[in-house]
There are 2 protein chains.
Amino acid sequence: MKLSVRGEYALRALIVLGLDYIEDDSVVRIQEISTRQNIPKRFLEQILNDLKSAGLLESKRGIAGGYRLKRPPEKISLAEVIRHIEGPLAPVSCVSERFYEKCSCPNEDKCAIRSVMKEVRDAIVRILEDVTVAQLCERVKTLQGPQTNPLDYII
Amino acid sequence: MKLSVRGEYALRALIVLGLDYIEDDSVVRIQEISTRQNIPKRFLEQILNDLKSAGLLESKRGIAGGYRLKRPPEKISLAEVIRHIEGPLAPVSCVSERFYEKCSCPNEDKCAIRSVMKEVRDAIVRILEDVTVAQLCERVKTLQGPQTNPLDYII
DNA sequence: TATAATCCCGACTGAAAGCATCAAGAATAA
DNA sequence: TTATTCTTGATGCTTTCAGTCGGGATTATA
């Protein structure tokens, strides 16, 4: 598993939306996420749309528009996010559960490399399946302390 | 961490050389590894050369030439191999120990994403640092049973 | 010493992925 | 009606990946 810039941006955006998540229908504008997290706006558009079609976000158009989480942040695991943005978590797709692809070795069940990679996959999944967006937001708060706006991107 | 075809080939080649490893100076030709593992010969050349300059292999030129492990297979971890072929094991290089690169976030120590990725990195490294080429060869033997030539590539 | 087999080295290529940017359209609050 | 926002699809640039190629250096053997 390798996290691309795209995936990192997705997580950063979800942190903003997670911290902002309230039970009513408040939304956050792309523009705001973009400036707060220093993400190219046009690129972020793509990514948020992607997360939306993955069922993670919902949006509202027009002048009071923006994005919000479709589910509470405790119900979104990093595994789910990354799978949608990056594809398989496994180091090789012949050990991936949902992105399985046959590899070139003659007998997968007897492939030694595969057996090691399966262990690696399981270790990765165990962590990412466990950590939710809500927990990620918690980490942000404890790590960054009680600042005015813990998210502001500072260069 | 994502294992490319190149990395997979490297491991497969090392399995051949590991199984073949004897204390005298017997060597295995590229050609043989290529046909036994069904790896494009010209491509394999590159890879073996790469492993050589990484200090993992040594070679002999000329008509009785070939490659062999420079160290006993128990002393070569998969982590070392993959790091040389693929680069960082970590999912993002700002949590990599030997391929560290600063990322774009303002304060790395307080980055929540980073803290999760560090856990992922540690889990990956823990496994790959532990498994050696010798153990990989063992797995081949136990998985594939006592065949005449457990390595032959069969389509 | 000639030769054939082997490793050695760097350049090259075509396809795909990654990181965006852009233009124009659709919805909506004020 | 208008300004602001999301929506969609196309496009462009750069880097990586997988693999090929030509020609050179080395060496066992006859």
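A note on names: the letters A, B, ... follow the listed sequences, proteins ahead of strands, and every chain is numbered from 1.
- Using a 4.0 Å cut-off, some side-chain N or O of Tyr9(A) falls inside it from OP1 or OP2 of dA20(C).
- In this structure, Lys2(A) places its NZ atom 15 Å from C1' of dC17(D), rounding to the nearest Å.
- If you find the closest nucleotide of DNA chain D to Lys41(A) and to Arg61(B), the one lying nearer the 5' end belongs to Lys41(A).
- If you check residues 42-49 of chain B against DNA chain D, the residues with a heavy atom closer than 4.0 Å are Arg42(B), Phe43(B), Gln46(B), listed by number.
- Between Glu86(B) and Ser4(B), the side chains place a donor N or O and an acceptor N or O closer than 3.5 Å (distance only, hydrogens not considered).
- Judged by distance alone, the side chains of Gln144(B) and Arg139(B) never bring a donor and an acceptor atom under 3.5 Å apart.
- Across the protein-nucleic acid pair, Glu8(A) atom CD and dC19(C) atom C1' stand 13 Å apart, rounded to whole Å.
- For the 3.5 Å distance criterion, the side chains of Tyr100(B) and Glu108(B) qualify, holding a donor opposite an acceptor.
- Rounded to an integer number of Å, the gap from Ile30(B) CD1 to dC9(C) C1' is 12 Å.
- For Ser4(B), a side-chain nitrogen or oxygen approaches OP1 or OP2 of dA18(D) to under 4.0 Å.
- Looking at Lys52(B) and Glu58(B), no side-chain N of the basic residue comes within less than 4.0 Å of a carboxylate O on the acidic one, giving no salt bridge.
- If you take NZ of Lys52(A) and C1' of dT5(D), they are 12 Å apart, rounded to a whole angstrom.
- The phosphate of dT5(D) has neither OP1 nor OP2 within less than 4.0 Å of any side-chain N or O from Ser59(A).
- Atoms CG (Leu51(A)) and P (dC6(D)) sit 14 Å apart, rounded to a whole Å.
- If you measure from atom CG of Leu3(B) to atom P of dT16(D), you get 18 Å, rounded to the nearest angstrom.
- Residue Arg29(B) places at least one side-chain N or O closer than 4.0 Å to OP1 or OP2 of dT6(C).
- Taking a cutoff of 4.0 Å between a charged side-chain nitrogen and a carboxylate oxygen, Arg83(B) and Glu80(B) do not qualify as a salt bridge.
- Between Arg6(B) atom CZ and dT20(D) atom C1' the separation is 13 Å, expressed in whole Å.
- Under a 4.0 Å N-O distance rule, the pair Arg121(B)/Glu129(B) does not qualify as a salt bridge.
- With rounding to whole Å, Asn38(B) atom CG is found 16 Å from dA18(D) atom P.
- In this structure, of dG19(D), dA28(D), dT21(C), it is dA28(D) that holds the atom nearest to the side chain of Ala64(B).
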